[in-house]
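Note sheet for the following structure.
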Amino acid sequence: EGGSNMAASGTGDPEGLCGVERPGAGGLALLGLAPSAPTCPHGPALLFVKTSQGKEEGRRFYACSACRDRKECNFFQWEDEKVSEARLAAREEYNRNHQPSFTHRQNVERYKNFVLLPLSERRFCQECQQLLFPAEWEKHLHHQFLCDISTAQLKSPSQLLYPLENKKTNAQYLFADRSCKFLLDLIIDLGFRRVLSVGTPRLHEMIQSKASQEEDFRVRSLLLDIDFRYSQFYTEDEFCHYNMFNHYFFGGEAARETCRKFLHQDNGERVIMVTDPPFGGLVGALASSFKKLMAMWRETEKEGYNNQEMPMFWIFPYFFESRILEFFPSFSMMDYQVDYDNHALYKHGKTGRRQSPVRIFTNLPPSVIVLPVEEGYRFCAICQRYVSSGNQHCEICDSCTSKDGRRWKHCVLCKKCVKPSWFHCNNCNCCTLQNHTCEKTDAGCFVCGKAGHKRSTCPSLS
Ligand code: SAH
Ligand code: ZN
Ligand code: ZN
Ligand code: ZN
Ligand code: ZN
């Protein structure tokens, strides 16, 4: 997680996560998906370059697209490395062995049979995260398991499965019910009837369960996610095992076709993509995959769509705003604070309410995104969008400038609004924290805001 502090402070990212792929910042830069990239169990590897300060060209290498933790996938190869036939064969063997024990097809069959079992014979192994048939009990006897798995439990897999918690790779932050409902209501009010849920299992689940319970509920969802555990609960038309960092469909052409069909099936039903990716920092990789999904949507022969973009909600922390806009200039950031059940990144606001740094980025006109007034959002008639109640319209900037919901103040020297806790340092020639060390900005911890340590070692996290 290299990246210079200057690059980081420009985006308001206190930890410099955004610097990861910024060329020239020193550290790691993402070059992207190369046509002849080698593959790991997670699909084609991504090409990176190690840059050292002041040196233009670093050595290029391939690494796993999905796992930033070497313990989860240690795939590594120098770009110019000669790989022997023997090693290639071993790698293929390794990739084969590292696929899930059941295929999606098999899991769908298992589910069909599972629901036929009487309640007393339905078990779920918590250690293997797997539905168990009586014949399999013996093998899992010493594992923790749940009994009497109800239909309701099968319909809310995100509650049944434990959230994956590997911080670097696959931290699953599940929407709080309030935020999930808000998103779904917004989607419905905007007239969408199909949702491509990319890394949003809880939204998908809410849509699926409403669709099965309410007769006049017309919304459909397709979940794309790397978490294969979900294949135990959804058919191939409801879930595709997908890697959003390299646009890889694990289920091959058939799965890709499912996605394509979902995006094209129309009958005047409008599609929106909703995604809530891990914040690891590979914004460039995500953007390139999302552009491919958008292109898939655009392939539809329907006239009039040619110059349009597939409507999208990209849910991500506010300090990534400039990175997202680099790739999607048509997007804007909404003030709505997305809440989670299990998020470590909360700060406690003045009101005692948890302050989430996570926002919705969208290519829909901001004026149509109605935020709940009862939660303190208001409409700014000048900006033509809903903003946080604390977000004051700045006359000089001519916009509502706060990014974090607190009232920001205008600095005449910087010619922009800055965080309330910042002051203008004449030494550094910019606004920054009071207790910074000049030139070497020592931004506070991402989690607790205190200086002296970073998120990874924050005492409040343990
Ligand atoms: N807030 C969402 C969950 C977001 S957590 C909800 O409640 O529905 C991030 C999600 O992205 C997880 O479901 C995780 O499994 C998925 N994910 C992580 N890495 C991924 C990858 N490389 N490709 C696809 N999905 C991924
Ligand atoms: Zn991998
Ligand atoms: Zn305004
Ligand atoms: Zn201002
Ligand atoms: Zn200033």
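Ligands are counted one by one from 1 in listed order, and the atoms in each one are counted from 1 as well.
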Practice prompt. Flag Cys64 as yes if one of its N/O/S atoms falls below 2.8 Å of the Zn ion (ligand 2), otherwise no.
Written response: yes
Practice prompt. State, to the nearest 10 degrees, the angle whose vertex is the Zn ion (ligand 5) and whose arms point to SG of Cys431 and SG of Cys414.
Written response: 120°
Fill in: Distance (rounded to the nearest 0.5 Å) between Phe313 CZ and Leu190 CG
5.5 Å
Worksheet item: Where the Zn ion (ligand 2) is the centre, what is the SG-to-ND1 angle for Cys40 and His42, rounded to 10°?
Response: 110°
Fill in: Side-chain heavy-atom pair Ile315, Phe361 within 4.5 angstrom cut-off
no
Practice prompt. Tell me, please, if Cys411 has any N/O/S atom, main chain or side chain, under 2.8 Å from the Zn ion (ligand 4)?
Written response: no
Worksheet item: Hey, which N, O or S atom on His424 ends up closest to the Zn ion (ligand 5)?
Response: ND1
Worksheet item: To the nearest 10°, how many degrees is the angle Cys417 SG to the Zn ion (ligand 4) to Cys397 SG?
Response: 120°
Worksheet entry | Name of whichever N/O/S atom of His410 is nearest to the Zn ion (ligand 4) | ND1
Worksheet item: Are there more than 12 heavy atoms of other residues, nucleotides or ligands under 6.0 Å from atom NZ of Lys292?
Response: yes
Worksheet entry | Closest non-hydrogen atom pair, Gly284 against Leu30 | C-CD2, 4.1 Å
Worksheet entry | Neighbour count above 12 (heavy atom, 6.0 Å) for Arg91 CZ | yes
Practice prompt. Mind telling me whether Phe233 and Phe124 have parallel, tilted or perpendicular rings, with 30° and 60° as the class edges?
Written response: tilted
